[in-house]
Amino acid sequence: DTEVTQTPKHLVMGMTNKKSLKCEQHMGHRAMYWYKQKAKKPPELMFVYSYEKLSINESVPSRFSPECPNSSLLNLHLHALQPEDSALYLCASSQEGRASKTQYFGPGTRLTVL
Amino acid sequence: TQLLEQSPQFLSIQEGENLTVYCNSSSVFSSLQWYRQEPGEGPVLLVTVVTGGEVKKLKRLTFQFGDARKDSSLHITAAQPGDTGLYLCAALIAGTYKYIFGTGTRLKVLA
């Protein structure tokens, strides 16, 4: 099983709303990622968690707040977003201790900020 | 700065034609992945190549990792409309959890 799941599939929110994106994997992977992808561009890394600790924050604005409650779950809390934050948000995971360290992606959440 | 340069950026071909996409870097990588992505969906893993000179086949797709592990190619034989999508190469920066992505190749196969 190489599945990463993400909910919701689509999300529309106002600039004053608070919402959360959720990601789950049951492959035993210990590294989990959040990416932002704009149309016709490659994914841009936002955050990396390794063994449930934040390992990389790519200077992401504080209106995005990641959380890793356990090794299988990854959340992205959203607050006071801007219209330019509208994008496809992708979650991914990869396995530790393997030379290939292949990254597997979820289907994404299409976020629209009004 | 480590970069993955992908070419061509766009490709529009007729069904049945062959094509090759390239992913090049001046850096050495321990492995490299190829993904295909459709609009509004997450990238789907096609292959991981690990060994220099390695060739992997997935039906009509052939992937090669350069001998020096700095570059890779994806060759599609007899392209079909179902091959349409964005093709991305990606590689892990050694000693980190950070992956870098190529700029992508947008392929359109016309029936």
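Bear in mind the structure is a predicted one, so any value in this text is a computation, not a measurement. By convention in this document, chain letters (A, B, ...) are assigned in the order of the sequence lines, proteins followed by strands, and residues within each chain are numbered from 1.
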Can you tell me how far apart CD (B/Glu41) and CZ (B/Arg36) are? Round to the nearest 0.5 Å. 12.5 Å

For chain A, find which of B/Val49, B/Leu86, B/Leu45, B/Thr96 contributes the most heavy-atom pairs closer than 4.5 angstrom. B/Leu45

Could you tell me which portion of A/Lys40 (side chain, backbone, both or neither) has an atom closer than 4.5 angstrom to a non-hydrogen atom of chain B? both

Give me the ring orientation class for A/Tyr33 and B/Tyr99: parallel if the planes are under 30° apart, tilted from 30 to 60°, perpendicular past 60°. perpendicular

Pair A/Glu24 + A/Lys22, salt bridge at N-O below 4.0 Å: no

Heavy-atom distance under 4.5 Å to chain B: side chain of A/Glu58, backbone, both or neither? side chain

Between B/Gly104, B/Pro39, B/Gly40, which residue shows the highest count of heavy-atom pairs closer than 4.5 Å to chain A? B/Gly40

Is it the backbone or the side chain of B/Gln37 that comes under 4.5 Å from a heavy atom of chain A, or both, or neither? side chain

Indicate yes or no for a side-chain donor-acceptor contact from B/Thr84 to the backbone of B/Val109 under 3.5 Å, with no hydrogens or angles considered. yes

Answer key: most heavy-atom pairs under 4.5 Å with chain B among A/Pro107, A/Cys91, A/Gly108 is A/Pro107

Describe, in one word, how the ring planes of A/Phe105 and B/Tyr35 are oriented to each other, choosing from parallel (under 30°), tilted (30 to 60°) and perpendicular (over 60°). perpendicular

Look at the side chain of B/Thr105 and the backbone N and O of B/Pro8, then say whether any donor-acceptor pair between them is shorter than 3.5 Å. yes

Where on A/Gln37 is there a heavy atom nearer than 4.5 Å to chain B: the side chain, the backbone, both, or neither? side chain

